[in-house]
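Working notes, structure below.
The figures that follow rest on heavy atoms only: side chains count, while hydrogens, waters and symmetry mates do not.
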Amino acid sequence: MLKKIICMLLMATMVFSFAGCARDWSKDFDLSDPKEYWEGTINDAFADDILTLEMRKTSTYPELKLSDFKLDNAKTVEYVSIRPKEDRMNDAEYIAGFRQLVFIHLDQHGKDKVVEAIRHLEKLEFIKSASPNGYGTTF
């Protein structure tokens with residue numbers, strides 16, 4: 001009987017531990033910042049190994065880890081802009097429009113892989129928009 005009670009307590013502890021694992025993104029991002037969804041198709045011209053992300057508005061400017069994106073095909077994360085420029089911190093219009101920009105480089109290449117990653121990333125709370133990267137590529 002004692003063994004059974006100990007097992008039940010251990011299981012309850014594990015359940016509550018895992019329940020607390022979900023990160024509260026509202027502490028770092030303005031979740032009321034409207035999302036934008038990519039409306040392109042696989043037939044559009046874009047690179048087959050990289051995505052561009054615009055994060056939702058933030059005042060804490062967190063640097064997320066690759067694992068935060070929960071994308072199995074992600075190879076690396078690269079911040080293009082992580083914080084506003086120091087010399088523009090007093091520019092209210094600039095600050096109001098500032099969003100972190102991130103590149104996600106994919107491990108497996110293919111336009112279908114890019115579209116698949118976009119659809120996954122669009123579901124994450126802290127992402128404002130996800131789109132293929134067409135800048136600087138030749139098609």
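- A 6.0 Å sphere centred on CD of E78 holds more than 12 heavy atoms belonging to other residues, nucleotides or ligands.
- Under the side-chain contact (heavy atoms from CB on, under 4.5 Å) criterion, K27 pairs with D24, not counting sequence neighbours.
- Side-chain N or O atoms of Y37 include none that pairs as donor or acceptor with a backbone N or O of R119 at under 3.5 Å.
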One pair to check against side-chain contact (heavy atoms from CB on, under 4.5 Å): L121 and I118. What are the steps and the verdict?
CA-CA 5 Å; L121 292 164; I118 288 169; 5.9 Å; no
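- Scanning all heavy atoms of the two residues, the minimum distance from A130 to W38 falls at O-CB, 3.4 Å.
- Under the ring pair (Phe, Tyr, Trp, His ring centres under 6.0 Å) criterion, Y61 pairs with F98, sequence neighbours left out.
- Not counting sequence neighbours, S81 has no partner by the side-chain hydrogen bond (donor to acceptor under 3.5 Å, both in side chains) test.
- Every pair tested for salt bridge (Lys or Arg N to Asp or Glu O under 4.0 Å) that includes a residue from residues 102-114 fails, sequence neighbours excluded, so the list is empty.
- Contact check on D28 versus R23 returns a salt bridge, with a Lys/Arg side-chain nitrogen under 4.0 Å from an Asp/Glu carboxylate oxygen.
- Formation of a donor-acceptor pair under 3.5 Å by the K35 side chain with backbone atoms of E122 is found in this model.
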Show your working on side-chain contact (heavy atoms from CB on, under 4.5 Å) between N133 and F103 and close with a plain yes or no.
CA-CA 8 Å; N133 188 342; F103 287 154; 3.3 Å; yes
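- The minimum heavy-atom distance between L51 and A117, with the atom names listed, is CD1-CB, 3.8 Å.
- Remark: the backbone N or O of P62 is paired with a side-chain donor or acceptor of Q100 at under 3.5 angstrom.
- The side-chain heavy atoms of V77 and V102, taken from C-beta on, include a pair separated by under 4.5 Å.
- Legend: residues meeting ring pair (Phe, Tyr, Trp, His ring centres under 6.0 Å) with F69, ordered by chain and number and at least two apart, are F126.
- Remark: E39 CD to S131 OG distance equals 12.0 Å, nearest 0.5 Å.
- Under the 3.5 Å distance criterion, the side-chain polar atoms of Y94 are left unmatched by any main-chain donor or acceptor of P84.
- To the nearest 0.5 Å, atom CG of residue N73 and atom CD of residue Q108 are 4.5 Å apart.
- To the nearest 0.5 angstrom, I127 atom CD1 is 13.5 Å from K123 atom NZ.
- The environment of N90 atom CG is sparse: at most 12 non-hydrogen atoms of other residues, nucleotides or ligands sit within 6.0 angstrom.
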Just do the side-chain contact (heavy atoms from CB on, under 4.5 Å) check on D49 and H105 with the steps written out, would you?
CA-CA 6 Å; D49 62 344; H105 299 267; 5.7 Å; no
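- Shown here are the side-chain contact (heavy atoms from CB on, under 4.5 Å) partners of K128, two or more places apart in sequence or in another chain: D33, P34, E36, E54, R56, R99.
- Distance CD/E63 to CG/D68: 10.5 Å, rounded to 0.5 Å.
- K57 and I95 make their closest contact through NZ-O, 3.1 Å (heavy atoms, listed as atom of the first residue, atom of the second, distance).
- Hydrophobic clustering (ILVMFWY, side-chain heavy atoms < 4.5 Å, transitive): L66 and I82 are in one cluster.
- The minimum heavy-atom distance between D30 and S32, with the atom names listed, is OD1-OG, 2.5 Å.
- For the pair V114 and A47, the tightest heavy-atom approach, listed with the atom from each and the gap, is CG2-O, 3.6 Å.
- In this structure, W25 and F29 have tilted ring planes: the angle between them lies in the 30° to 60° band.
- Between the side chain of H109 and the main chain of I50, no donor-acceptor pair closer than 3.5 Å is present.
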side-chain contact (heavy atoms from CB on, under 4.5 Å) evaluation trace for I104 with L53
CA-CA 8 Å; I104 298 280; L53 306 178; 3.6 Å; yes
